[in-house]
Amino acid sequence: MPSNPKNLTAATMLCQCLSGALGQSLSPSSLPTSEERWASILRLSGDHLVTPVLRWALREQKGLYDELPSSVVDYLEAVYALNLEKNLSCEDQLSELISDLNKIEVRPVLLKGAAMLVGGLYPTSGERMITDLDILIPEERLSEVLVRMLALGYQSTEGTIDLAEVALKALSHRHHYPALVHRDWPVSNELHVQPVVSRYRPLLASEDVLSGARKAVLPGGECLLPDPTKMIIHNVVHAFLFDTMDCMKTISLRQLFEFVLISQKYHADIDWDQIAKRFDDLGYGRNLRQYFGMARGCFDLDVAPERLALRDGAIGVRPYLDLARLRMENPSAIWATTLLFELIARLKRLIRQPKKIRRLVEPDFYVKLGNVIWKQ
């Protein structure tokens, strides 16, 4: 693990710090040496939604946390306290919803952040930042579940819910219904009928998630949590194949960290042979190994089992390009790279859906592209 902070980018240093929550040892020489550098790292940790994880990682190092600048400690503690308060409210939100769904004999499966929150992957409820609650329900029960949620006070972010069109939405390219919000609760709910978009369903379908799902009991009732094997598959598909490979987004440190954390905490319970066979048989074995490569490149940890041992010459240049993009600090380079990646992403979508080529003559296409670029 590199230890000279003067030669590291903010992203590299942030990853080095986060590894402290993954069993790695940090020393004072591993940390930023100026307030300006700390500001860069804290800003990046906020962008990647890992600021509470950074606090956890630094607190894991004996005596190190007390030596941090007081302004850094105050900031980390404030973010953690606010996130803990929000997540406790999210737990109450889930309890109310699950209680109501149990009344119509629906036991939802919690996905992603909701599953991590209820499943206790992190030391407390305050380490995992959540932007929404993803819930998997049987497709044939979607209309009925929506009726219950409307009665609870939920509203669609896309306007009035037309129950006559619910089945059509569920069977379209979407794998979840438009987000539902409630004025009394902190985050939106996404009702999934499938865990991933249609083209990745051979890797993970709803019946796969239900197979081996574990019962979890909340104050309001019962729900289900995916087993660790399905958590790993879902993480790879969602964070890497879809968000990074298809949509050309910068790799999410929150998701990559969680991938390693799940791999470590549940290693003995994960069916690595099943994962390897599924990805290899469907032609995604190389992508899976690329994701392992990115985890190793970020956190200096190799969690790949023997069957998925990394062979640098076989995984190609993609992980190195994504890591280089993550570590960029020059605004011009970030702008140019984002433009290139966004153009590639849109071209790939047109190749998959050639009927949408008419979008190239619509001004809105370029307005949205410009909005993405100028946000960088």
Peer 1: Restricting to non-hydrogen atoms, name the atom on Cys17 and the atom on Leu54 that form the minimum distance, rounded to 0.1 Å.
Peer 2: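 Shortest heavy-atom contact: CB-CD1, 3.5 Å.
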Peer 1: Taking side chain as C-beta onward, heavy atoms only, is Ile232 less than 4.5 Å from Ser263?
Peer 2: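 A side-chain contact under 4.5 Å exists here.
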Peer 1: If we only count heavy atoms from C-beta on, is the Tyr75 to Pro69 side-chain gap below 4.5 Å?
Peer 2: no
Peer 1: I'd like to know whether Arg278 forms a salt bridge (charged side-chain N to carboxylate O under 4.0 Å, His left out) with Asp208, so could you lay out the CA-CA distance, the side-chain angles of the two residues, the decisive distance to 0.1 Å, and finally the verdict.
Peer 2: CA-CA 12 Å; Arg278 185 170 299 194; Asp208 297 316; 3.6 Å; yes
Peer 1: To the nearest 0.5 Å, tell me how far Ser206 OG sits from His192 NE2.
Peer 2: 12.0 Å
Peer 1: List the atom of Thr51, the atom of Leu42, and the distance in Å for their closest heavy-atom pair.
Peer 2: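 Looking at all heavy atoms of both residues, the shortest contact is OG1-O, 4.2 Å.
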Peer 1: Within 45° of the ring axis of Tyr65 and under 6.0 Å from its six-membered ring centre, is that where the NZ or CZ of Arg59 lies?
Peer 2: yes
Peer 1: Please tell me whether Val53 and Val303 are part of a single hydrophobic cluster in this structure, the criterion being side-chain heavy atoms less than 4.5 Å apart.
Peer 2: yes
Peer 1: For the side chain of Glu67 and the backbone of Pro28, is there at least one donor-acceptor N/O pair under 3.5 Å apart?
Peer 2: no
Peer 1: Does the pair Leu203 and Leu241 meet the rule for a side-chain contact (heavy atoms from CB on, under 4.5 Å), with working shown?
Peer 2: CA-CA 11 Å; Leu203 283 170; Leu241 294 183; 3.6 Å; yes
Peer 1: Hydrophobic clusters here meaning ILVMFWY residues chained together by side-chain heavy-atom distances under 4.5 Å, can you tell me if Leu111 and Val197 are in one?
Peer 2: yes
Peer 1: Does the side chain of Glu91 come under 3.5 Å of the side chain of Ser125 through a donor N or O and an acceptor N or O?
Peer 2: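 On atom types as modelled, these side chains qualify, holding a pair under 3.5 Å.
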Peer 1: Answer yes or no: is there a donor N or O on one side and an acceptor on the other, between the side chain of Ser89 and the main chain of Glu85, under 3.5 Å?
Peer 2: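 Checked: no pair found.
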Peer 1: Hey, quick one: are Trp56 and Leu84 part of the same hydrophobic cluster, counting side-chain heavy atoms closer than 4.5 Å, chains of contacts allowed?
Peer 2: no
Peer 1: Going by heavy atoms in the side chains, are Arg128 and Glu258 under 4.5 Å from each other?
Peer 2: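 Yes; the side chains approach each other to less than 4.5 Å.
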Peer 1: Identify the two heavy atoms, one from Val193 and one from Leu136, that lie closest to each other, and give their separation to 0.1 Å.
Peer 2: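 Where Val193 meets Leu136 most closely, the heavy atoms are C-CD1, 3.6 Å.
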Peer 1: Between Tyr122 and Asn87, is there a side-chain donor-acceptor contact under 3.5 Å, judged purely by atom types and distance?
Peer 2: no
Peer 1: Would you say that Leu101 contacts Leu97 through its side chain, given a criterion of any heavy-atom pair below 4.5 Å between the two side chains?
Peer 2: yes
Peer 1: Evaluate side-chain contact (heavy atoms from CB on, under 4.5 Å) for Ser19 paired with Asp300, printing each intermediate quantity in order.
Peer 2: CA-CA 8 Å; Ser19 71; Asp300 198 28; over 6 Å; no
Peer 1: Could you tell me whether the side chain of Trp185 reaches within less than 4.5 Å of the side chain of Glu96, counting heavy atoms only?
Peer 2: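 Yes - at least one pair of side-chain heavy atoms lies under 4.5 Å apart.
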Peer 1: May I ask you to check whether over 12 heavy atoms, not counting those of Glu140, lie within 6.0 Å of atom CD?
Peer 2: yes
Peer 1: Measuring from Ile104:CD1 to Arg107:CZ, what's the distance to the nearest 0.5 Å?
Peer 2: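 Going from the CD1 atom of Ile104 to the CZ atom of Arg107 covers 14.0 Å.
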Peer 1: Give a yes or no on whether the backbone of Leu26 and the side-chain of Gln61 come within a donor-acceptor separation of less than 3.5 Å.
Peer 2: yes
Peer 1: Identify the heavy atoms of Arg254 and Val50 that sit nearest to each other, and give their distance.
Peer 2: CA-CG1, 3.5 Å
Peer 1: Can you tell me how far the CG atom of Asp269 sits from the CE atom of Met231, to the nearest 0.5 Å?
Peer 2: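 Those atoms lie 10.5 Å apart.
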Peer 1: With a 4.5 Å heavy-atom cut-off, do Lys230 and Gln274 have their side chains touching?
Peer 2: yes
Peer 1: To the nearest 0.5 Å, tell me how far Met129 CE sits from Leu117 CG.
Peer 2: 12.5 Å
Peer 1: Does this structure show an ion pair linking Arg199 with Asp246, if we count only N-O contacts that are shorter than 4.0 Å?
Peer 2: yes
Peer 1: For a quick check under 3.5 Å, do Tyr80 and Thr124 share a side-chain donor-acceptor pair by atom type?
Peer 2: yes
Peer 1: Assess whether atom CD of Glu35 is packed by more than 12 heavy atoms of other residues, nucleotides or ligands within 6.0 Å.
Peer 2: no
Peer 1: Do Gln255 and Asn235 have a side chain donor and acceptor closer than 3.5 Å?
Peer 2: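 Short answer, yes.
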Peer 1: Which label fits Tyr284 and Phe279: parallel for a plane angle under 30°, tilted from 30 to 60°, or perpendicular past 60°?
Peer 2: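 Ring orientation of Tyr284 relative to Phe279: perpendicular.
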Peer 1: Between Leu31 and Leu64, is there a side-chain heavy-atom distance shorter than 4.5 Å?
Peer 2: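 In contact.
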Peer 1: Given side-chain contact (heavy atoms from CB on, under 4.5 Å), test Val109 with Ile137 step by step and report yes or no.
Peer 2: CA-CA 7 Å; Val109 184; Ile137 61 171; over 6 Å; no
Peer 1: Determine whether Val145 and Tyr177 make a side-chain contact, defined as any pair of heavy atoms from C-beta on separated by less than 4.5 Å.
Peer 2: no
Peer 1: Would you confirm whether Lys215, through its side chain, and Leu225, through its main-chain N or O, come within 3.5 Å as a donor-acceptor pair?
Peer 2: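 Absent.
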Peer 1: May I have the step-by-step check of salt bridge (charged side-chain N to carboxylate O under 4.0 Å, His left out) for Lys112 and Asp132, ending in yes or no?
Peer 2: CA-CA 9 Å; Lys112 300 191 291 188; Asp132 56 24; 5.4 Å; no
Peer 1: With a 6.0 Å cut-off (strictly less than), is the heavy-atom count around CD of Glu36, excluding the residue itself, greater than 12?
Peer 2: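 At most 12 heavy atoms, drawn from other residues, nucleotides or ligands, come within 6.0 Å of this atom.
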Peer 1: Is there a chain of hydrophobic side chains (I, L, V, M, F, W, Y, each step under 4.5 Å between heavy atoms) that links Ile135 to Val106?
Peer 2: yes
Peer 1: Looking only at the aromatic ring of each residue, does the gap between the centers of Phe240 and Phe259 stay below 6.0 angstrom?
Peer 2: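 No, ring centres 6.0 Å or more apart.
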Peer 1: Closest heavy-atom contact between Cys15 and Leu253?
Peer 2: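 So the two residues come closest at SG-CD2, 3.7 Å.
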Peer 1: Would you give the length of the straight line joining atom CZ of Arg214 to atom CG of Asp227, rounded to the nearest 0.5 angstrom?
Peer 2: 7.0 Å
Peer 1: Measure across Gln93 and Pro186 and return the closest heavy-atom pair with its distance rounded to 0.1 Å.
Peer 2: OE1-CD, 3.5 Å
Peer 1: List the steps, then state whether side-chain contact (heavy atoms from CB on, under 4.5 Å) holds for Leu121 with Tyr266.
Peer 2: CA-CA 9 Å; Leu121 179 67; Tyr266 301 122; 3.7 Å; yes
Peer 1: Same cluster for Val181 and Val147 if Ile/Leu/Val/Met/Phe/Trp/Tyr side chains link at under 4.5 Å?
Peer 2: no
Peer 1: Rounded at 0.5 Å granularity, tell me how far CG in Leu180 sits from CG in Leu133.
Peer 2: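 So the CG of Leu180 and the CG of Leu133 are separated by 11.5 Å.
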